[in-house]
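Data block below; observations after.
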Amino acid sequence: MQYMMVIYETAEAHAKQKDPARAGAYWGGWGAYVEAIRASGIMLEGHGLLPPETATTLRITDGCREVQDGPFADTKERLAGYFVIEVPDLDTALDWAARCPAAAEGAVELRPVMPPVQKPGGAA
């Protein structure tokens, strides 16, 4: 089964990236986690994301584009990145989510990846 692990960090945790006193531990933890998940063979893809200030949000209202710079919602946790993993079950996905550095200071959301929709005639 495939799961997307959606990684959320607090602004405080994210700030560690550039703090000389805390950056080594921050990046060391993430480096070890990424290496472990890659070495396990379960990672299908994954990327970190730039901070919410770099986002652009688009909505269509009455057929017109509404574009907003920055995140749509101001929240305590920031979407920091994701991994798509393939594991036998939710318990295994939860084990990997628990090892993620963001689980201690933010959150890791797990969502099953929707299987391809079968079109009439059996083609995906």
Side-chain angles (χ1 to χ4, degrees):
M1 181 148 206
Q2 291 181 1
Y3 289 90
M4 176 175 263
M5 293 175 49
V6 185
I7 312 298
Y8 296 94
E9 285 186 324
T10 62
E12 172 66 22
H14 184 79
K16 292 177 183 179
Q17 294 180 16
K18 295 183 180 167
D19 179 347
R22 303 183 298 170
Y26 176 90
W27 289 115
W30 274 106
Y33 182 71
V34 170
E35 179 56 34
I37 203 168
R38 279 188 181 142
S40 74
I42 66 167
M43 187 176 97
L44 301 178
E45 80 177 88
H47 295 282
L49 300 173
L50 292 174
E53 303 81 54
T54 65
T56 302
T57 301
L58 171 86
R59 292 192 177 298
I60 303 291
T61 304
D62 297 325
C64 297
R65 284 185 181 192
E66 293 181 7
V67 178
Q68 175 183 336
D69 290 336
F72 180 72
D74 185 20
T75 63
K76 292 181 181 179
E77 295 171 340
R78 303 167 165 210
L79 178 58
Y82 71 94
F83 294 99
V84 178
I85 59 174
E86 188 159 6
V87 292
D89 51 42
L90 178 59
D91 287 335
T92 305
L94 286 167
D95 289 342
W96 279 99
R99 293 174 62 179
C100 179
E105 295 185 67
V108 180
E109 178 182 344
L110 290 166
R111 285 202 199 177
V113 173
M114 186 181 294
V117 177
Q118 293 293 319
K119 295 180 183 178

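Hydrogens, waters and symmetry mates play no part in the numbers below; they use all other heavy atoms, side chains included.
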*If you measure from CG on Asp19 to NE2 on His14, what distance do you get to the nearest 0.5 Å?*
12.5 Å

*With rounding to the nearest 0.5 Å, note down the distance linking CG in Asp69 to OG1 in Thr54.*
10.5 Å

*His47 side chain reached by Tyr82 side chain, heavy atoms, under 4.5 Å*: yes

*Does any non-hydrogen side-chain atom of Ile85 lie less than 4.5 Å from one of Gln2?*
no

_Spacing of CD belonging to Gln17 relative to CZ belonging to Arg22, to within rounding of 0.5 Å_ = 11.0 Å

*Judged by atom type as modelled, is there a donor-acceptor pair below 3.5 Å linking the side chain of Tyr26 to the main-chain atoms of Ala13?*
no

*Report yes if some heavy atom in the side chain of Val108 is under 4.5 Å from a heavy atom in the side chain of Tyr8; otherwise report no.*
no

*Look at the side-chain heavy atoms of Ile, Leu, Val, Met, Phe, Trp and Tyr, link any pair under 4.5 Å apart, and say whether Leu94 and Val6 land in one connected group.*
no

*So if you build clusters from Ile, Leu, Val, Met, Phe, Trp, Tyr with side-chain heavy-atom gaps below 4.5 Å, do Met1 and Leu44 land together?*
no

*Can you see which heavy atom on Ile7 is nearest to which on Ala102, and at what distance?*
CG2-CB, 3.4 Å

*asked:* Within the structure provided, determine whether Glu53 and Arg78 are in side-chain contact (heavy-atom separation under 4.5 Å).
replied: yes

*Sub-4.5 Å side-chain heavy-atom contact between Glu86 and Ile42*: no

*asked:* Quick check: is Val87 connected to Met4 through a chain of hydrophobic side chains (ILVMFWY, heavy atoms under 4.5 Å apart)?
replied: no

*asked:* Please evaluate residues Ile60 and Arg65 with respect to the criterion side chain to side chain contact (heavy atoms under 4.5 Å, CB included), reporting the C-alpha separation (whole Å), side-chain torsions for both, the decisive distance (0.1 Å), and the verdict.
replied: CA-CA 5 Å; Ile60 303 291; Arg65 284 185 181 192; 3.8 Å; yes

*Could you tell me whether a side-chain N or O of Asp89 sits under 3.5 Å from a main-chain N or O of Asp91, the two making a donor and an acceptor?*
yes

*Rounded to the nearest 0.5 Å, how far apart are CD of Glu35 and OG of Ser40?*
10.0 Å

_Do Leu90 and Val84 sit in one hydrophobic cluster, given that two such residues count as connected whenever their side-chain heavy atoms are within less than 4.5 Å of each other, even indirectly?_
no

*Please determine if Glu105 and Lys16 form a salt bridge, counting it only when a charged side-chain N lies under 4.0 Å from a carboxylate O.*
yes

*Identify whether Ile37 and Leu49 are in the same connected component of the hydrophobic contact network (ILVMFWY, side-chain heavy atoms under 4.5 Å).*
no

_Quick check: closest heavy atoms across Ala97 and Ala103, and the distance to 0.1 Å?_
O-CB, 3.6 Å

_Please check if the number of heavy atoms outside Arg38 that lie under 6.0 Å from its CZ is greater than 12._
no

_Below 30° counts as parallel, above 60° as perpendicular, anything between as tilted: where do the rings of Tyr33 and Phe83 land?_
perpendicular

